[in-house]
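Contents: one structure, followed by commentary.
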2 protein chains.
Amino acid sequence: MPRIRHKRLDCSPGCAVEATLELIDGKWKGVILFHLLHGTMRFNALRKRLPTVTQRMLTAQLRELEQDGFVLRTVYAEVPPKVEYSLTERGRTLEPVITALKQWGDTHTRFGTDTQRETEPEAAPAGG
Amino acid sequence: MPRIRHKRLDCSPGCAVEATLELIDGKWKGVILFHLLHGTMRFNALRKRLPTVTQRMLTAQLRELEQDGFVLRTVYAEVPPKVEYSLTERGRTLEPVITALKQWGDTHTRFGTDTQRETEPEAAPAGG
DNA sequence: CATGACGGTATCATTTCCGATACTATGAGC
DNA sequence: GCTCATAGTATCGGAAATGATACCGTCATG
């Protein structure tokens, strides 16, 4: 259970902030939750949304999210395998949080573009 | 700069979510921001609010927050030293985010009590 | 001189995170 | 038998985060 970072959340009232942060932290959870907010997705569909995540990591994050009761994992007895991920009711309660996170990012970071404009020289680090 | 976790935020629209998360992540940033929302605080005052944080960590988190433009560090030329931390305007823009985090925590975790009150047998799945 | 208060900094060791790669299982198609 | 597709799992190694502890600098007090 690598998700436990605080043995004791001794942080007075602000504690609730940390408690929440701890649950949705983890490098990919935020985005996963965000995508799942829009509907059920299969494992590989999720992977396509997260181009740089490894299979191992995606699985790990999904498991933790499942453990925390945020996502539901549905396995279909088919071949090839089919596994769907969706939010539980508890997972949906995170919507305002994810939304706040998204909105802030949209307004205050350079990632606030839903529709990538190809006319923008985004990442163009001179390689030499 | 230890706070960079994603080399590339290739996560489609949800990217903004991660971008924001990255800035307020860091084990203590959330709580620090929360406390600073209520007003300027001195270093040791902050420490008292975070009983389990080490001096080293608190300093580190504060520096990152400062680097990211969220907090303002004011040093007074006195002895013994006096350093005050307060939110910048940019820092205040995080208020809705912190609030959403706090509210979710208040409602869905056992830390939702300003005045410790364990009369709430929260539905704890994964009973370990 | 020694101690205390305040706010740090430096160093060391451990824990945890995360990526790369390889292996598993099954039915379809050739 | 070989390859493809899907969804994982197992193992190894390097990087980053975090904790513990000791040391720094200054003025006041005794």
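Lettering of chains follows the sequences in order, A, B, ..., and the numbering in each one begins at 1.
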Under 3.5 Å, which N/O atoms of the protein pair with N/O atoms of nucleotides 3-10 of chain C?
from	atom 1	to	atom 2	distance (Å)
C:dC6	O3'	B:R42	NH2	3.2
C:dC6	O3'	B:P81	O	3.0
C:dG7	OP1	B:R42	NE	3.1
C:dG7	OP1	B:R42	NH2	3.1
C:dG7	OP2	B:N44	N	3.1
C:dG7	OP2	B:N44	OD1	3.4
C:dG7	OP2	B:N44	ND2	3.1
C:dG7	N7	B:Q55	NE2	3.3
C:dG8	OP1	B:R73	NE	3.0
C:dG8	OP1	B:R73	NH2	2.2
C:dG8	OP2	B:Y85	OH	2.7
C:dG8	O3'	B:R63	NH2	3.2
C:dG8	N7	B:Q55	OE1	2.8
C:dG8	N7	B:Q55	NE2	2.9
C:dG8	O6	B:Q55	OE1	3.2
C:dT9	OP1	B:R63	NH2	3.1
C:dT9	OP2	B:R63	NH2	3.3

**Item:** Rounded distance in Å - CG (B:D25) to P (C:dT16)
**Value:** 16 Å

**Prompt:** What pair of heavy atoms forms the shortest contact from B:A100 to A:A100, and how long is it?
**Reply:** CB-CB, 3.9 Å

**Terminal axes of the helix from C:dC1-D:dG30 to C:dC30-D:dG1 (five pairs each): angle between them, nearest 10 degrees** = 30°

**Request:** Taking all heavy atoms of A:L46 and all of A:M41, pick out the closest pair and write down the distance.
**Result:** CD1-SD, 3.4 Å

**Complete:** Rounded to whole Å, the CD-P distance (A:E64 to C:dT16) equals 13 Å

**Complete:** Between A:Y76 and A:E84, the two heavy atoms sitting closest are OH-OE1, 3.1 Å

**Message:** Do B:L65 and B:I24 make a side-chain contact, defined as non-hydrogen atoms from C-beta onward lying under 4.5 Å apart?
**Reply:** no

**Any B:T40 side-chain heavy atom under 4.5 Å of B:L72 side chain** = no

**Message:** Does the plane of the ring in A:F34 sit parallel, tilted or perpendicular to the ring in A:H38? Use 30° and 60° as the thresholds.
**Reply:** perpendicular

**Message:** Whole angstroms only, please: what is the CD-C1' distance between B:Q61 and D:dT18?
**Reply:** 9 Å

**Prompt:** Taking the side chain from A:R90 and the backbone from A:D68, do they hold a donor-acceptor pair closer than 3.5 Å?
**Reply:** yes

**Complete:** B:W28 CH2 to D:dG19 P, in whole Å, measures 7 Å

**Prompt:** Taking CG from B:L58 and P from D:dT21, how many angstroms apart are they, rounded to a whole number?
**Reply:** 18 Å

**Request:** Please report the shortest heavy-atom distance between B:C15 and A:V31, naming the atom on each side.
**Result:** N-CG1, 4.2 Å

**Distance in angstrom units between A:E66 CD and D:dA7 C1', rounded** = 14 Å

**Asked** Taking atom P of D:dT21 as reference, at what distance in whole Å does atom CE of B:M57 sit?
**Response** 17 Å

